[in-house]
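These notes concern the structure reproduced below.
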Amino acid sequence: MSSVSIPAGTPAYRRLMTVLFIGVFMSALDTAIIAPAIPALREAFQIDNRRVGLVMIAFILASLCSTAPLASLGDRYGRRPIYLISISLFALGSLVIALAPTFWAVVLGRVIQGVGGGGIIPTASAVIADALPPKERGRALGLIGATYGMAFVLGPPLAGLVMVALDWHWIFLANLPIAAYVLFLGARALPTQRPAGVLPALDWRGIVVLFLLLSALVLSVTRVLDDMTGLRVWPFTLAALVVLLPLFLWVEKRAEQPLIPISMFANRQLSLTYFLTLGAGFGMGSVVFLTSIATLAYAVARQNAGFVLLPMVLCSIIGSMGAGRLLNRLGARVLIVAGFALLSLGYGACAYTGFGLWGFLLATMPVGLGVGVVVSGALRTIAIEEAPLAFRGTAQGLINICTSIGTLLSAAAIGALADFSGQGAEGFSVAYEVVAVLMAVMLLLALALRKSGAALAPAKA
């Protein structure tokens with residue numbers, strides 16, 4: 001797929017950025033507002049906490065499983081149709097949830113939303129790689145990260161206002177006019193280029209095995225089947241994971257055009273980037289339990305715990321936007337090292353409860369800056385530069401998959417460490433000491449990235 005170049009500041013550039021950022025914002029906002037809506041869903045459908053958790057698990061699983069196939073389809077047939085289809089699916093899922101007569105219809109809507117959400121961010125990132133000059137990519141990818149941060153700041157209070165003024169249905173109905181605007185503008189603004197020549201057969205075997213592999217991973221980490229059935233299922237899903245991983249590698253090595261080309265991982269810089277992305281996802285997901293420290297160590301009321309993280313979230317926005325502006329000047333390696341250093345420092349300080357509440361608030365600020373830096377454009381830029389041109393979308397999809405897996409693993413690991421280390425704040429302190437050490441290890445690994453900001457010229461495929 002050939003690249004086009006849209007100069008910054010032109011009307012075409014502004015239309016394109018509007019389409020991409022509004023689509024990403026819609027997807028991220030809906031991820032952020034689902035938590036405040038869960039009590040209303042539980043009451044509306046008379047379900048317990050175990051079942052209502054499916055609204056999160058269904059979205060995560062569908063998003064993970066759809067990311068690589070949609071990214072690959074974007075490489076094959078062009079970014080424009082895949083982005084518009086992803087937006088359409090997200091809107092359809094929102095409509096299904098809003099009109100759902102039963103709880104299982106809500107779960108179905110979340111699955112449809114997740115499939116659409118899995119294609120929005122990697123496709124938007126690939127469009128930026130295709131359409132913008134190299135000097136503009138870092139800033140645009142940084143703004144993508146900042147857009148996520150803004151959504152998580154605005155999501156919970158917006159959801160609260162909607163439920164006070166109307167009801168939970170309107171949280172999802174609000175996506176429909178937003179999606180309609182993105183579809184209308186995107187039909188004109190998105191580039192229409194696609195690969196020339198005859199395309200090889202789609203890697204259906206790879207899609208099926210990857211779906212089973214990621215399903216086994218999610219079910220092993222979340223143990224949702226154990227909760228739903230009351231049986232000990234996770235050892236079997238873990239065993240399936242062990243079997244499916246080599247099977248997936250075997251299938252992909254023999255595919256005419258694989259879903260995820262295994263040859264990409266022969267590039268040490270690209271392999272290291274994906275491993276660091278797992279670490280970045282772990283660092284990002286670890287923020288979830290910081291509210292537990294606030295409530296257990298500093299007696300913050302549970303209903304006010306979310307407000308404790310506002311300084312961190314604002315710092316995350318600043319970190320993401322700042323990293324995007326500094327990427328071309330400092331290079332990806334410097335920013336990634338700095339991001340993991342901030343995460344290690346911040347989580348280590350959060351683990352120590354002797355500073356008091358104000359000390360805890362200050363400690364969350366480097367965490368926010370670090371998250372903003374590591375999930376901004378630096379890792380995505382390396383993937384853009386190192387991956388073959390024909391697989392840019394796939395390379396961006398893998399960034400999303402690794403981030404999501406890291407986030408899932410963080411939730412399971414911190415909960416297990418906290419339970420093992422003791423009750424209350426002490427257990428979480430030990431857990432975050434381990435997180436701080438892990439972020440320091442990621443920092444050391446990031447030093448193996450190239451010192452210059454530029455990567456080798458991407459291979460042509």
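When a residue number appears, it is its place in the shown sequence, counting from 1.
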Table please: side-chain donor-acceptor pairs of residues 335-358 below 3.5 Å, with sequence neighbours left out.
residue, atom, partner, partner atom, Å
S344, OG, A436, O, 2.9
Y347, OH, G283, O, 2.5
Y347, OH, V287, N, 3.4

**Message:** Run the salt bridge (Lys or Arg N to Asp or Glu O under 4.0 Å) test on R450 and E385 for me, step by step, so that the C-alpha distance in whole Å, both residues' side-chain angles and the decisive distance to 0.1 Å come before the verdict.
**Reply:** CA-CA 12 Å; R450 289 194 181 91; E385 294 174 338; over 6 Å; no
**Message:** Let's go through R329 and L326 carefully: what are the C-alpha distance in whole Å and the side-chain angles of both, what is the deciding distance for side chain to side chain contact (heavy atoms under 4.5 Å, CB included) to 0.1 Å, and is it a yes or a no?
**Reply:** CA-CA 5 Å; R329 186 183 306 172; L326 293 173; 3.9 Å; yes
**Message:** side chain to side chain contact (heavy atoms under 4.5 Å, CB included) for L379 and Y274? Distances and angles first, verdict last.
**Reply:** CA-CA 8 Å; L379 289 165; Y274 291 131; over 6 Å; no
**Request:** Given side chain to side chain contact (heavy atoms under 4.5 Å, CB included), test M17 with L20 step by step and report yes or no.
**Result:** CA-CA 5 Å; M17 293 299 100; L20 298 180; 3.8 Å; yes
**Candidate pair L409 and V221, rule side chain to side chain contact (heavy atoms under 4.5 Å, CB included), full reasoning** = CA-CA 7 Å; L409 292 175; V221 173; 3.9 Å; yes
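S316 places no side-chain N or O within 3.5 Å of a backbone atom of M312 that could act as its donor or acceptor partner. Judged by distance alone, with hydrogens and angles left aside, the side-chain atoms of T18 form a donor-acceptor pair with the main-chain N or O of R14 at under 3.5 Å. Using modelled atom types, no side-chain atom of R79 and backbone atom of A124 make a donor-acceptor pair closer than 3.5 Å. Distance alone, capped at 3.5 Å, is enough to place a donor-acceptor pair between the Q396 side chain and the R380 backbone. With Y432 contributing its side chain and I414 its backbone, the two residues share no donor-acceptor pair below 3.5 Å.
Across all non-hydrogen atoms, the minimal contact from L361 to V308 is CD2-O, 3.3 Å. In terms of heavy atoms, I22 sits closest to V182 at CG2-CG2, 3.4 Å. Among all heavy-atom pairs drawn from G118 and S66, the shortest one is CA-OG, 3.5 Å. Residues S86 and L70 share a closest heavy-atom pair of OG-CD1, 4.0 Å. Considering every non-hydrogen atom in both E252 and G206, the closest pair reads OE2-CA, 3.3 Å. The shortest non-hydrogen separation linking F360 to L290 is CZ-O, 3.5 Å.
Note: L249 CG to F265 CZ = 9.0 Å, rounded to the nearest 0.5 Å. With values rounded to the nearest 0.5 angstrom, L278 atom CG is found 9.5 Å from T407 atom OG1. Taken to the nearest 0.5 Å, the OG atom of S271 stands 10.5 Å off from the CG atom of L398. For the atom pair CG of D203 and CD1 of I260, the computed distance is 9.5 Å after rounding to the nearest 0.5 Å. One finds the CG atom of L362 at 7.5 Å from the OG1 atom of T364 (value rounded to the nearest 0.5 Å). Taking CG of L244 as the start and CH2 of W250 as the end, the distance is 13.5 Å to the nearest 0.5 Å.
For the pair I178 and F25, the minimum side-chain heavy-atom distance is 4.5 Å or more. The side-chain heavy atoms of L408 and S404, taken from C-beta on, include no pair separated by under 4.5 Å. Residues M26 and I87 meet the side-chain proximity criterion, which asks for heavy atoms closer than 4.5 Å. I85 has its side chain out of reach of L73: every pair of non-hydrogen atoms, C-beta onward, lies at least 4.5 Å apart. Side chains of V127 and Y83 form no contact here, defined as non-hydrogen atoms less than 4.5 Å apart. Considering only heavy atoms from C-beta on, T273 comes within 4.5 Å of I399 through its side chain.
S220 is linked by a side chain to side chain donor-acceptor pair (under 3.5 Å) to T237, counting only residues two or more places apart in sequence or in another chain. Not counting sequence neighbours, the partners of S94 by the side chain to side chain donor-acceptor pair (under 3.5 Å) test are Q113, N175.
Counted within 6.0 Å of CZ on F275, heavy atoms from surrounding residues, nucleotides or ligands total 12 or fewer; the atom is thus considered open.
Applying the side chain to side chain contact (heavy atoms under 4.5 Å, CB included) test between T67 and each of T123, L214, N400, V115 identifies N400 as the sole match.
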